[in-house]
Chemist: 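Would you mind keeping the following structure in view while I ask a few things?
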Amino acid sequence: MAQLFEQTHEGDVLVVKMSADRLDAAVAEKFKEAMHDEIEEGAKRIVLNMASLKFMDSSGLGAIISVLKKIRPDGEMVLCEIGDMIQKLLELTRMHKVFRVYDTCEEAIRNFSD
Amino acid sequence: MAEEKSVKMVIHSDLKDVYLIDMLIESLCSIVHLPDDRSFWIKLCAVEAVNNCIIHAYRKETDHEVEVIFTLAPDRIRIEVRDTGLTIPEKIIEESVDFQDADDISEVSENGRGIVLIHEIMDTVEYVRKDNKNCLIMTKKLF
């Protein structure tokens, strides 16, 4: 299976850039477990860059909800560079009220230093 | 009046193969010049329906078949998803989450949105048993 994401650090912010163009039921569990591992290893501030994603199903959505539940309340994960349809999916499921979303990765990282 | 055209695709009950369904649907939607945003929702519903077959009807066993019949009519799209597994119990549908604002992340469910999405997006949804198969039949008007 192709690598799901790449990660870099900007200070104490973990930037996770999705590599795949789909976050669906085939990979959702693997993604969730990998992100939970990052949190258990100490990540408290995560920016999830979703620029590559063209498709996400309810399992993919469930996976990012799971990561948010895992990191809060001691930490925070924000989303950035999400496509129009992924944004509409968040809105349809009312999850746009739950996730903080930024247009760019730079804005998302800056949010943590403000 | 233009005639209906149908395409049938059969995949193994493996979540890794579900992307083939939305590749097919994307191609078919382009035939009727459906905008990308509308084809996204139709693909999503087909994928959710097939995921449900694999996860609930076949319990993730990969040696079964899922049939998807995609029909283009002049005024609507019809998708029928068939499996020979367990009939999805009503409790799966009853436990599906409503799309409501949540104040506290701990109250937000991780699962149960697939069936709700299908009902929200499609115009008609029917789950029936015929020819010893479970059939989820969904339609969406084109205009």
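The basis for the numbers below is simple: all heavy atoms, side chains too, and nothing from hydrogens, waters or symmetry mates. A note on names: the letters A, B, ... follow the listed sequences, proteins ahead of strands, and every chain is numbered from 1.
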Chemist: Does the pair A:D12/A:R45 count as a salt bridge with the N-to-O cut at 4.0 Å?
Modeler: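 Between A:R45 and A:D12 there is a salt bridge, with a charged N closer than 4.0 Å to a carboxylate O.
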Chemist: Decide, yes or no, whether a salt bridge links A:R100 with A:E76 under the criterion of side-chain N to carboxylate O below 4.0 Å.
Modeler: yes
Chemist: Relative to the ring of B:H64, is the ring of B:Y58 parallel (under 30°), tilted (30 to 60°) or perpendicular (over 60°)?
Modeler: parallel
Chemist: Determine the option with the most heavy-atom pairs under 4.5 angstrom with chain B, choosing from A:L61, A:D24, A:V98, A:L92.
Modeler: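 Max contact count across the listed options: A:L92.
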Chemist: B:N134 and B:T87: side-chain donor and acceptor closer than 3.5 Å?
Modeler: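 Per modelled atom types, B:N134 and B:T87 side chains form a pair under 3.5 Å.
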Chemist: Quick one: what part of B:D37 sits under 4.5 Å from any heavy atom of chain A, side chain, backbone, both or neither?
Modeler: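 Both backbone and side chain of B:D37 come within 4.5 Å of chain A.
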Chemist: Heavy-atom pairs under 4.5 Å with chain A are the metric here; pick the option from B:I55, B:V18, B:D22 that has the most.
Modeler: B:D22
Chemist: Pick one of side chain, backbone, both or neither for B:I54, based on which atoms fall under 4.5 Å of a heavy atom in chain A.
Modeler: neither
Chemist: Is the closest side-chain heavy-atom distance between B:L136 and B:I118 below 4.5 Å?
Modeler: yes
Chemist: Ignoring hydrogens and angles, tell me if any N or O in the side chain of A:E81 forms a donor-acceptor pair with the backbone of A:C105 under 3.5 Å.
Modeler: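 Checking the backbone N and O of A:C105 against the side chain of A:E81, a donor-acceptor pair under 3.5 Å is found.
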Chemist: Checking A:M95 against chain B: side chain, backbone, both or neither under 4.5 Å from a heavy atom?
Modeler: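 Just the side chain, heavy atoms under 4.5 Å.
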Chemist: Taking side chain as everything from C-beta outward and backbone as N, CA, C, O, which of these in B:V108 sits under 4.5 Å from a heavy atom of chain A? Side chain, backbone, both or neither.
Modeler: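 The answer is both parts of B:V108.
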Chemist: In terms of heavy-atom proximity below 4.5 Å to chain A, should B:L44 be classed as side chain, backbone, both, or neither?
Modeler: both
Chemist: Select one option (side chain, backbone, both, neither) describing which atoms of A:K54 are under 4.5 Å from chain B's heavy atoms.
Modeler: backbone
